[in-house]
Structure formats: structure tokens, C-alpha cells
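Working notes, structure below.
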Amino acid sequence: MDAYDLITRNASEVVTEDEVRALADDPEGKRAYVGYEPSGVLHIGHMLTANKLIDLQAAGFEVVVLLADVHAYLNGKGTFEEIRETAERMKAQFIAYGLDESQTEFVLGSEYQLDESYVLDLHALELETTLSRAERAMAEIKSGDGVTVAQAVYPIMQALDIVYLDVDLAIGGMEQRKVHMLARDTLPSIGEESPTCMHTPLIADLGTGIGKMSSSAGVTISMEDTTEDIEDKVNGAFCPPTADPDPTDEGEERENPVLQIFEYHVFPRFERVVVERPEQYGGNLEYDDYETLEADLESGELHPADAKGALADYLDELIEPGRAKIAE
Ligand SMILES: N[C@@H](Cc1ccc(O)cc1)C(=O)O
């Protein structure tokens, strides 16, 4: 796989392809980041962008993980003290998950976001941003009704982070895209370049295949899950024998979350996937790529129950180091 393909694999959106190609041609010294609000424990959503950071490290990028304590505070996630404690724990979980500690720079937002120059640049950007634009940028990030002033400042700070962390590439899930578009449009007004961005897909709710999996609603997988929890959740997952399920009777789009997790979580981390089956059902199946597994599920060669059994095992292996860290 060449550098561009590795950098962009499994991405839902690349803004722009030409810009990322230029970075891929000369990755030496290039920096990429993801920011996370410290809250709860690492879950499958965090792990998806972390996989992208692992790809970027393999492609030669320097990687920055922003533990966005001020953002979490602005989004009502607790006191500063609580948030900072959570940030410390999340850092340990990211390392347990597979981010190379010697190649990853962990930064707490408050280390620089309270500096005078940052605050003055923030106010300059505030002058360039309408409230409705800030509100729209937050639509997929905040929960609940009504945007507070704190939540309107949030996306503007996120845009400025790209400048202050001196990164060449901003990564986030698709729910971050409007913040990144705001950054691309407004940063030139304070004399900065429009940042290059890349977005990872959102995984559908495990139980229904509808909407996106989140820690606040529905079923998610996190580093707190025991082996048994994972088995139960995966066994109860929505998994018709197709990657493209029909919409619900109410017309809601549906995805196959079991296949999505194979594609975005398992194949990027394991070279070969083995689905164990008793001899009388044809013996084990082995896959070197996601597409073959998907084709086998669609043809009926691979039964959803067997796919789920394998998925639970691989997810458990991915979660185990973080789970051990939490238990310490
Ligand atoms: N907006 C991100 C967190 C974040 C904060 C600041 C950033 O610079 C980047 C990302 C989230 O929803 O979790």
C-alpha cells in the first residue's frame, strides 16, 4: 500500500485529496492531530480515530493527541479537576490501545489555550464568525437543546488549535466536519492557512444498525467491557447477510455494524482474520482483507453467527490491554 492509500484508507472524506497527496509525498516532519474531550473511558468511537493515527504513524507522521480539557469544560463535562483526572486516565488507555508513546505527543488544551496570544487570536476569530455559523458547527457535537455562549466559543477554539498545535492535518469523525469547514473558511482572516482535514466514518448503532453508535445512547463497546459483555453485545448486534441493508419501514437508513467494525477496527489492526468453525460446518475460514469477508457473508458462505463469534474475539483482543490498565 503506498503512503497516500495508507493515510486515506477507510476515510469518509478527505479535504482535499490534492492537499493530502502533497503531505503523503513528503511525510517527513509532518504533523497530524485528533482532539478528544476527556470524558468516561475509551470507547469504540475514540478507537476509530486512534486507528487513523496509528496509520499515520506508520506512514511517518508525527502524531499529536489533544486532550481537550477546556473544550470538555465548555461542553459541560464536569469540573476542571475531574476532567484533568479523566485526561490522565485516557492517555494511559490510548497507549495501552496501541499508540506508540515515544511517537505520540499528548497535549492538554489548557497548556496553551489560556495564553494571552491564544486568547487574543480567539477574539479575532470571534469577530469573523457569526453565531449561527458557530451553532451549526456544533450541531453534531453538543447534546441537548440551545447552544450556550460556551458552546459557540468551542468550535472557534477548535479551529485555532490547528494553528497552535502547528499541525498539517486535522483528523476527526464525520461529526467534526462542520468545525473543520469553519476553520478552513475563517483561519485565513487572521493570516493563517486553511487547514487540511480528513474524516473517519461513523459506526451505526450496534443493536439496530441505525444512526451512529454513541456512548450516551444505545449499545457501545468500551474498555470497561468484560469479555462476556463484548460477546453479549456482539451476539445481539444487527447483522443481516449484506453490507447494504434495506432501510427500516419508516425509511431510516441502516448499516451493518458488524461488517463496519470488521472493516474499520479489525482489518486495520490484524493481518489475517480467522473465523473458527467446527470441521462439520466446513472448518475455519481465513481472510486477508475485508472485501473477501463481506463477499462471503453476502454469498452465505459465512454465517452471521460465525462472523459475530470472530468479531467478539478480535474486539476482546483489542480491548484487553486497556481493560487491564483500568483494573490497575
Ligand atoms: N470536538 C471534539 C473534541 C476536540 C476539541 C478540540 C480540538 O482541537 C479538537 C477536537 C469532540 O467532539 O470530541
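Both ligands and their constituent atoms are indexed starting at 1 by order of listing.
If you look at Leu66 next to ligand 1, the close heavy atoms, those under 4.0 Å, all belong to the side chain.
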| message | Let's go through Glu88 and Lys91 carefully: what are the C-alpha distance in whole Å and the side-chain angles of both, what is the deciding distance for salt bridge (Lys or Arg N to Asp or Glu O under 4.0 Å) to 0.1 Å, and is it a yes or a no? | response | CA-CA 5 Å; Glu88 274 308 305; Lys91 175 179 167 183; 5.2 Å; no
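Ligand 1 has an N or O atom lying under 3.5 Å from an N or O atom of Gln158, backbone or side chain.
Nearest residue to atom 8 (O) of ligand 1 from Ile162, Leu165, Asp161 is Asp161 (criterion: closest heavy atom). Nearest-heavy-atom check against atom 2 (C) of ligand 1 across Gln176, Glu37, His71 picks out Gln176.
Salt-bridge check for Asp316 with Arg323: passed, with a basic side-chain N closer than 4.0 Å to an acidic carboxylate O. Taking 4.0 Å as the cut-off between side-chain N and carboxylate O, Asp205 and Lys212 do not count as a salt-bridged pair.
Atoms of ligand 1 found under 4.0 Å from any heavy atom of Ile141, numbered from 1 in the order shown, are 1 (N), 12 (O). Taking every heavy atom of Ala68 and a limit of under 4.0 angstrom, the matching atoms of ligand 1 come to 5 (C), 6 (C). Within ligand 1, counting atoms from 1 as listed, the ones closer than 4.0 Å to a heavy atom of Tyr154 are 1 (N), 2 (C), 3 (C), 11 (C), 12 (O).
Other residues, nucleotides and ligands place no more than 12 heavy atoms under 6.0 Å from the NZ atom of Lys325.
A perpendicular orientation is assigned to the rings of Tyr118 and Tyr112, their planes being inclined by more than 60° (bins at 30° and 60°). The aromatic rings of His46 and Phe94 lie perpendicular to each other, with more than 60° between the two planes, well past the 30° mark.
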